[in-house]
Structures are given as structure tokens and as C-alpha cells.
Amino acid sequence: MTAPENPHMTYQQYRTARRLVHECCNYDCGNCLLLDNGEECVCPQSITYSLICKWFRAAVLPLDAGLYATLLYRADMKKCVLCGGSYLPKSNRAKYCPDCAAHMKRAKATERKRRQRQKCHALGLKKPL
């Protein structure tokens, strides 16, 4: 899993990242405290469609796991078979996103138990005459 140097964001991703910028500890009323050396400097992450702030990438972006995975691990993303959403798989066999995986695990367990009960009843629980 390798992250691209400066991934380009769509407008919706930019708006989400823009909202996250306010969570940064270096953000102060639209200015970046890290770049402040006597003069106020506009936070570069709040005005660009790329991930250029290393602090934002390392400390703030992981707060939104979906955006983090989408921007940094685009090549490794898979589509969920059930809902069609993108997710970062934990193994090469993963077919479902984490939310759908839990749902499918319950559904398959229910079906397995149903078949198990059918087999038990098919053996003949009735007493012979």
C-alpha cells in the first residue's frame, strides 16, 4: 500500500477536507500557525484541492477514515459486492465492506443454522409405530 505524493481531490472531497481543516491544532481563524513567522499566513490546505500539508495528512486526515482511504490508498481500494461502496480490504479475499461484512456474517450463520435444523428434522424425529 503506497500513498501518492499529492493526490488530487474532487469537489466533494475538498469540501469534506475543508471541514476537517478546522480540527487541526495549527489552524487559527483561517491562518496556519506553523507557517507563521511574524506575518499571518493563510492555511494552504484550506485553499487547495491537493494534500500539501504534511501535518494535515498525518494528524487530521485519519479522523475521517473514508476520506483517508480514498485519497491515500486509491489503487488498493475495492468495491463492496453488496452495497457498491469503496473500502480498503484487510485481506485479498475480502468481498464486503466492514458494515456489510457483519450483516452477511449474520445472514450466512442464520442460513447455516436453518439448514442444520432441516437435516436434524429430516432424520426422523417421529417415533416409529
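Hydrogens, waters and symmetry mates are skipped; everything else that's a heavy atom, side chains included, is used.
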(message) I'd like to check the side chain to side chain donor-acceptor pair (under 3.5 Å) partners of N31; sequence neighbours left out, ordered by chain and number.
(response) E40
(request) Quick one: list whatever passes side-chain contact (heavy atoms from CB on, under 4.5 Å) with K78, sequence neighbours left out. (result) Y87, P89
(request) Could you identify which residues cluster with W55, counting Ile, Leu, Val, Met, Phe, Trp and Tyr as linked when any side-chain heavy atoms lie under 4.5 Å apart, either directly or through a chain of such contacts? (result) L34
(request) Locate the shortest heavy-atom distance separating Q45 from I52; write the atom from each residue and the value. (result) OE1-N, 3.2 Å
(message) Once side chain to side chain donor-acceptor pair (under 3.5 Å) is applied, what residue pairs with a partner in residues 10-20 remain, sequence neighbours excluded?
(response) T10-Q13
(message) To check you understand the geometry: which heavy-atom pair defines the closest contact between S46 and V21, and what is its length?
(response) CB-CG1, 4.1 Å
(request) Output every pair passing side chain to side chain donor-acceptor pair (under 3.5 Å) with a member in residues 100-115, not counting sequence neighbours, ordered by first then second residue. (result) E111-R114, K113-Q116
(request) Looking only at non-hydrogen atoms, find the nearest pair between T48 and M9 and report the distance. (result) O-CE, 4.0 Å
(request) For residues 27-47, pull every pair meeting ring-ring contact (aromatic ring centres under 6.0 Å, His included), keeping only residues two or more places apart or in separate chains. (result) H22-Y27
Acceptor/donor pairs from residues 90-102 side chains to any protein atom, 3.5 angstrom cut, sequence neighbours excluded:
residue : atom : partner : partner atom : Å
S91     : OG   : R93     : N            : 3.4

(message) Can you list, by chain and residue number, the hydrophobic cluster partners of L35 when the side-chain cut-off is 4.5 Å?
(response) none
(message) Let me confirm one number: the SG-CG distance from C43 to D28, rounded to the nearest 0.5 Å.
(response) 11.0 Å
(message) So which atom in P62 and which in F56 form the shortest heavy-atom distance, rounded to 0.1 Å?
(response) CD-O, 4.5 Å
(message) Apply the hydrophobic cluster definition, ILVMFWY joined by side-chain contacts under 4.5 Å directly or through others, and give me every member besides V42.
(response) I47
